[in-house]
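Only one structure is covered here, and it is reproduced in the block below.
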Amino acid sequence: MKIRALALALGVAASGAVSAAGEVEVLHWWTSGGEAAALNVLKDDLSSKGVSWADMPVAGGGGESAMTVLRARVTSNNAPTAAQMLGYDILDWGKQGAAADLNAVAAKEGWDAVVPAALQNFAKHDGKWISAPVNVHSTNWVWANKAIFDELGLSAPINFDELVATLEAIKKAGYTPLAHGGQAWQEATIFDSVVLATGGVGFYRKALVDLDADALGSDTMKTVFDRMAILRSYVDDNFSGRDWNLASAMVIEKKAGMQIMGDWAKGEFLNAGQKPGDDFMCFRFPGTSGAVTFNSDQFMMFKVGSDRRDAQNQLASSIMAPSFQSAFNVVKGSVPARTDVSDADFDACGKKGMRDLASANANNTLLGSLAHGHAAPASVKNAMYDVITAHFNGEYSSADAVSELVAAVDAAK
Ligand code: GAL
């Protein structure tokens, strides 16, 4: 009230900066160097609008730990203003009646017209916007050390056999071929690409989105697991439990040839001062070009008291502003969640990401990432994680992994 009175006295009552003053508490898992740099773009933007930021970071790539902490918070009636969230998790909170209604701000700013349907499907519940999408990432990328590729005369492989030959050449030269962190979500991230490369778009959809038992139990799926085992043979001995950004650092520091990871990895290369084309290369996982396995980070908004609503709406509005979507995603490695943002400020990998997303959207080859919550609900995703990671760690043969996968998905559905 005091601020409003002061604003009136100063004649600036209509200014967004004053009416939005307040605090947002935001739960997220953006704790790596590149992620934190991107988050700072959002924090600074809000601070310029008079909104302060109460930070609630929960470390752990992919956000599993963050979701556990969030559940505890909401259960004890202490929901944050907003939480970083992926796909089906957003819809789950919507169903539980915990979400705020952002329709007023969405209508005023015309979100319906600029956010692709594939994202709206996860941002709305019951016709109401409950979440603000900040980006689109995709998982079918490879990040490679340019100096190693140049030294060995290598170029981007275009199919699985070429990928293996490339890994072999890097191994012979004494580098770790594949930088990887042994965590279930990281193995699942590779799995997204291997399923797509091995079975194609139709198979990916049948197996990982429709959860069709025949596709899950097929010979193609056995080949997928065989290929996962081949990739496993190119990681170093210390991979267990390693965080994804430390795996990126191995490529950055010329210790490893490549990492198969979503484009948040680019944020690490940029944060280390590296440039695409000069220091590192980005290319689609061999055999997947033309399709995109996407995940969109959104800030799902929780029901809050009237004292926190202005700041919450300002957070949503700031996230959706075109200039912010450009500035943020240039740093994060992702691409804008709006279709009307120019690619002028993006580097070559970002421009390619934007082109690929638009054409996948137009050609019906845009697929939700299983690993990052956009193909199936958390129960199914976690059941698949268990099988994928157990197989990666040598607990199952490929044939056993296939039957375990069918059974696990059936039980979790
Ligand atoms: C993803 C998220 C990305 C990135 C990554 C690693 O699930 O969408 O923004 O942060 O996890 O933490």
Side-chain angles (χ1 to χ4, degrees), residues 26-43 55-70 82-90 118-119 122-123 131-141 143 179-193 241-249 251 259-271 282 292-300 319 325 328-337 349-350 353 357 367-378 381-382 384-385 388:
V26 184
L27 187 144
H28 63 89
W29 65 90
W30 283 338
T31 56
S32 78
E35 291 172 329
L39 195 62
N40 280 338
V41 179
L42 179 56
K43 290 181 186 170
D55 205 32
M56 180 78 202
V58 183
E64 257 186 296
S65 311
M67 290 304 100
T68 306
V69 171
L70 178 67
Q84 179 195 351
M85 214 176 281
L86 298 170
Y88 279 93
D89 290 338
I90 302 170
L119 267 55
F122 293 110
S131 194
V134 69
N135 67 10
V136 184
H137 272 301
S138 54
T139 57
N140 56 323
W141 283 109
W143 307 91
H180 176 67
Q183 296 173 347
W185 74 268
Q186 294 190 55
E187 274 118 39
T189 299
I190 299 179
F191 189 77
D192 278 357
S193 287
R242 176 189 287 136
D243 286 328
W244 68 273
N245 53 314
L246 300 181
S248 305
V251 180
Q259 180 183 24
I260 301 162
M261 187 47 68
D263 39 14
W264 47 91
K266 193 183 82 178
E268 297 305 300
F269 287 84
L270 299 180
N271 196 49
C282 60
V292 167
T293 46
F294 84 98
N295 60 296
S296 164
D297 288 304
Q298 305 209 15
F299 284 92
M300 192 237 144
I319 288 170
Q325 291 251 337
F328 173 86
N329 287 303
V330 159
V331 180
K332 183 69 170 70
S334 37
V335 303
C349 302
L357 177 65
L367 303 160
S369 157
L370 183 266
H372 296 268
H374 283 70
K381 176 188 89 169
N382 291 331
M384 291 210 205
Y385 271 19
I388 295 163

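Just so you know, these numbers come straight off a predicted model, no measurement behind them. As the structure lists them, so they are numbered: ligands from 1, and atoms in each ligand from 1.
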Taking only non-hydrogen atoms of Gly61 and a 4.0 Å limit, the atoms of ligand 1 in range are 6 (C), 12 (O)
shortest atom 1 (C) of ligand 1-to-protein heavy-atom contact is with His372 ND1, 3.5 Å
The side chain to side chain contact (heavy atoms under 4.5 Å, CB included) partner of Asn135 among Gln298, Gln325, Lys332 is Lys332
Here the pair of heavy atoms bringing Tyr385 nearest to Ala184 is CD2-CB, 4.0 Å
Atom 4 (C) of ligand 1 sits nearest the protein heavy atom Glu35 OE2, 3.3 Å
Atom 2 (C) of ligand 1: closest protein heavy atom, distance to 0.1 Å, is Asp297 OD1, 3.3 Å
Logged contact type for Asn295 with ligand 1, heavy-atom cut-off 4.0 Å, is side chain
For this session: Could you tell me whether ligand 1 has any atom less than 4.0 Å away from a heavy atom of Gly62?
Result: yes
Residues 34-43 vs salt bridge (charged side-chain N to carboxylate O under 4.0 Å, His left out), sequence neighbours excluded, gives Lys43-Asp55
Taking only non-hydrogen atoms of Leu86 and a 4.0 Å limit, the atoms of ligand 1 in range are 7 (O), 8 (O)
The atoms of ligand 1 lying under 4.0 Å from a heavy atom of Lys332, numbered in the order shown, are 3 (C), 4 (C), 9 (O), 10 (O)
| task | Look at the aromatic rings of Trp264 and His137 and report parallel, tilted or perpendicular, splitting at 30° and 60°. | result | perpendicular
For Tyr88, the ring pair (Phe, Tyr, Trp, His ring centres under 6.0 Å) test, sequence neighbours excluded, returns Phe122
Margin query: Centre-to-centre under 6.0 Å for Trp141 and Phe269, is that the case here?
Written below: no
